[in-house]
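Encoded as structure tokens, the structure appears first; notes follow it.
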Amino acid sequence: MKISVIGAGYVGLTTAACLAEIGHHVRCADNDEGKLNLLRSGKMPFFEPHLDEIVHRNIIAGRLQFEIPENAVVGAEAIFICVGTPPLENGEADLCAVANVARTIAQRATGNCLVIEKSTVPVQTAQKLKRQLQQYAGKGLQCTLASNPEFLREGSAIQDSFHPERIVVGVETEEAEARLREIYAPILEQTFKCPVHTSCTHAQKPAWIVTDTNSSELIKHASNSFLAMKISFINMVADLCEAVGADVTKVALGMGMDPRIGSAFLNPGIGFGGFCFPKDVQAFVRIATKAGCDFSLLKEVENINKRRIEHFVEKVRQELWVLRDRKIALLGLAFKPNTDDVRFAPALELIRVLVREGAVVSAYDPQATEKAKAVLPGIRYCSSPYEAAEEAEAIMIATEWEEFRDLDWDHMKQIIARPLVVDGRNMFKPAEMTARGIHYISIGKLPAFSVDDGLSNSSTSIASPGELQAVLK
Ligand code: UGA
């Protein structure tokens, strides 16, 4: 099918590349000519594992092109709107880019075309889009509207796109649903050769969920807000564990074994960040308020999240007392591993607080240094964790990059001024760090256990029946 994807950000570019990979002819559009030229030359505007290979392969195969929106929409049978919906001052989503795309489509698209809203938008946006399209549509354009929210995560965007648990479509006609089914057929049936997932042939077929457009839009905001709520919940449980001498990892493991709760997104830490959860929770609160519903539960989710950095800094204050002129090494800048995205990254807020208190911060991240430098100059960015740690009085871990698991702690101990590690992502077993001679402070646990508790958050999915039995023994 001839498909246009408007917006070459994380969602748009990934969507365009994956649709091309499963055989469609895709024109991916952006207003930013510089970005288009970069993409045409095979370079990526951001880091996302495997995305570059897929983009490159499909450019060569002639299935993926980059154009400005005005050209990209001409003759398309389906147009995905994937432009940004950043937060306004009042927390609402800014829909200017979505409205502009609607106008471009109305004026430039031709024939019978399905317009699919993929950007995260407030409920009822599809209805407004439909009115706008009808108002401005040129002669000869027959377009139908659908909502198809995206659930991919940065860092695993390709995997998530090829192997989603569900595909949600909000439609008004059977024809719209049929066209979406045709677009997604290879993914729905898992009939394509997955370029990144070797066990693809056994991959589970996603659920196909058909709703009205309003419900589909709500599914997206409700899902992100619910996940954010889980994180804030476990963060509060972590605080309670610290206060009463319990271990949050074990508590999360025991809770997560109940399938009604589930083990995912129960990792405590320094709070959720990124361009989705903080803005989507805020937007959802606004949506509810405007509709006359006071979603105070979500306001508390936000409040708890905002307090995480102060709680984390307090841990280092407890050890170093006054932070002025103290050298602190910060490991991790991205809002989570496997991305170079620093938007609403807890690490950056952490740096701001430390610098405000006069600490001297040296930071290291495997991918996000350049992006962090651009928004937060004035601290020292290093090219290795060891360089950052030289003569530091504390190492603070803000992002759980895999490479930090393999740090040479014997070497670290020789170069740091004081063997203190304050870990905001619970990467290590406290007993192992203690055995290495490191004063290890993590989240939701007493500072240093002398006996190995057999558990740590060594991976993001922690619960398995075997592990639980091991704990219970
Ligand atoms: C999130 C959703 O997970 C996706 O389903 C959704 O499509 C996307 O937003 C979006 O709306 O576009 P993403 O922001 O890429 O994806 O990242 P997540 O993996 O969800 O992590 C978000 C934040 O929560 C990170 O800062 C992470 O460190 C934090 N987190 C996550 C925790 O603190 N604890 C956890 O247990 C899980």
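Looking at Gln65 and His25, their side chains never bring a donor and an acceptor atom within 3.5 Å of each other. Judged by distance alone, the side chains of Tyr381 and Glu387 never bring a donor and an acceptor atom under 3.5 Å apart. Side-chain atoms of Asn305 and Glu302 form no donor-acceptor pair, as typed in the model, at a separation below 3.5 Å. Side chains of Asp212 and Ser215: a donor on one and an acceptor on the other come within 3.5 Å. Between the side chains of His56 and Glu53, no donor-acceptor pair is found at a separation under 3.5 Å. Between the side chains of Thr369 and Asp365, no donor N or O sits under 3.5 Å from an acceptor N or O. Checked by atom type, the side-chain pair Glu77/Asn112 shows no donor-acceptor distance below 3.5 Å.
The shortest distance between side-chain heavy atoms of Val196 and Cys194 falls below 4.5 Å. Two residues are said to be in side-chain contact when any heavy atoms from C-beta on lie closer than 4.5 Å; Leu36 and Ile68 meet this criterion. The side-chain heavy atoms of Ile3 and Val5, taken from C-beta on, include a pair separated by under 4.5 Å. You'll find the side chain of Leu145 reaches within 4.5 Å of the side chain of Leu133, heavy atoms only. In this structure, the side chains of Ile167 and Ile209 stay at 4.5 Å or more apart for every pair of heavy atoms. Proximity of Phe284 to Val281: side-chain heavy atoms (C-beta onward) are nowhere separated by under 4.5 Å. Under the 4.5 Å side-chain criterion, counting only non-hydrogen atoms from C-beta, Glu370 is not in contact with Asp340. Put simply, the side chain of Phe46 does not reach to within 4.5 Å of the side chain of Asp341, judged on heavy atoms.
More than 12 heavy atoms of other residues, nucleotides or ligands lie within 6.0 Å of NZ in Lys230, so this atom counts as buried by the packing criterion. Within 6.0 Å of NZ on Lys130 lie no more than 12 heavy atoms contributed by other residues, nucleotides or ligands.
Side chain of Asn426 to backbone of Ser442: no donor-acceptor contact under 3.5 angstrom is found. A donor-acceptor pair under 3.5 Å is absent between the side-chain atoms of Thr14 and the main chain of Val11, judged by distance alone. Side chain of Thr399 to main chain of Lys336: no donor-acceptor pair is present (N/O by atom type, distance under 3.5 Å, no hydrogens or angles). A donor-acceptor contact shorter than 3.5 Å is absent between the side chain of Asn224 and the backbone of Phe277. No donor-acceptor pair under 3.5 Å is formed between the side chain of Arg27 and the backbone N or O of Glu67. The backbone N or O of Arg425 sits nowhere less than 3.5 Å from a side-chain atom of Asn267 that would complete a donor-acceptor pair. Distance alone, capped at 3.5 Å, is enough to place a donor-acceptor pair between the Glu48 side chain and the Ser156 backbone. A donor-acceptor pair under 3.5 Å links the side-chain atoms of Thr173 to the main chain of Ala176, judged by distance alone. No side-chain donor-acceptor contact under 3.5 Å links Ser232 to the backbone of Met229. Distance alone, capped at 3.5 Å, is enough to place a donor-acceptor pair between the Asn148 side chain and the Val168 backbone.
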When you look at Met44 and Leu51, which way does the side chain to side chain contact (heavy atoms under 4.5 Å, CB included) test go after all the steps?
-> CA-CA 8 Å; Met44 295 297 108; Leu51 183 60; 4.1 Å; yes
Going through the checks in order, is the ring-ring contact (aromatic ring centres under 6.0 Å, His included) test met by Tyr10 and Phe275?
-> CA-CA 10 Å; Tyr10 284 93; Phe275 201 58; 9.0 Å; no
Could you go step by step and tell me if His221 and Ile287 meet the side chain to side chain contact (heavy atoms under 4.5 Å, CB included) rule?
-> CA-CA 10 Å; His221 266 127; Ile287 290 165; 3.5 Å; yes
Please report the C-alpha distance between Thr191 and Ile22 in whole Å, then the side-chain angles of each, then the deciding distance to 0.1 Å, and finally whether the side chain to side chain contact (heavy atoms under 4.5 Å, CB included) criterion is met.
-> CA-CA 9 Å; Thr191 48; Ile22 59 171; over 6 Å; no
Please test Thr144 against Glu172 for side chain to side chain contact (heavy atoms under 4.5 Å, CB included), starting from the C-alpha separation and ending with a verdict.
-> CA-CA 8 Å; Thr144 318; Glu172 291 180 336; 5.5 Å; no
Starting from the C-alpha separation in whole Å, work towards a yes-or-no answer on side-chain hydrogen bond (donor to acceptor under 3.5 Å, both in side chains) for His163 and Gln190.
-> CA-CA 8 Å; His163 305 288; Gln190 292 288 306; 2.9 Å; yes
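In this structure, the separation between NZ on Lys43 and CG on Asn37 is 11.0 Å, given to the nearest 0.5 Å. Between the OG1 atom in Thr85 and the NZ atom in Lys279 there is a gap of 3.5 Å [rounded to 0.5 Å]. In this structure, the separation between CD1 on Ile105 and CD on Gln107 is 11.0 Å, given to the nearest 0.5 Å. Separation of atoms NZ (Lys220) and OG (Ser119) is listed at 10.0 Å; rounding is to 0.5 Å.
Ring planes of Phe192 and Phe162: tilted class, angle from 30 to 60°. Note on ring orientation: taking the six-membered ring where Trp is involved, the planes of Tyr184 and Phe80 are perpendicular (angle over 60°, cut-offs 30° and 60°).
Between Arg181 and Glu177, at least one side-chain nitrogen of the basic residue sits less than 4.0 Å from a carboxylate oxygen of the acidic one, meeting the salt-bridge criterion. At a threshold of 4.0 Å, the pair Glu150-Lys118 counts as salt-bridged, since one of the basic side-chain nitrogens sits closer than that to a carboxylate oxygen. The pair Lys290-Glu92 meets the salt-bridge criterion, with a side-chain N (NZ, NE, NH1 or NH2) lying under 4.0 Å from an Asp/Glu carboxylate O. Of the charged side-chain nitrogens involved, at least one lies within less than 4.0 Å of a carboxylate oxygen, so that Arg343 and Glu154 count as a salt-bridged pair. At a threshold of 4.0 Å, the pair Glu217-Lys128 does not count as salt-bridged, since none of the basic side-chain nitrogens sits closer than that to a carboxylate oxygen. Checked for salt-bridge contact, Asp239 and Arg308 meet the test: a charged N lies under 4.0 Å from a carboxylate O. The pair Arg352-Glu349 meets the salt-bridge criterion, since a charged nitrogen lies less than 4.0 angstrom from a carboxylate oxygen. Remark: Arg179 does not engage Glu182 in a salt bridge, criterion side-chain N to carboxylate O under 4.0 Å.
At least one cation-pi condition fails for Arg40 and Phe66: the charged atom is not both under 6.0 angstrom from the six-membered ring centre and inside a 45 degree cone around its axis. With Phe151 as the aromatic partner, Arg166 meets the cation-pi criteria of under 6.0 angstrom to the ring centre and within 45 degrees of the ring axis.
Met1 approaches Ala78 most closely through the heavy-atom pair SD-CB, 4.2 Å.
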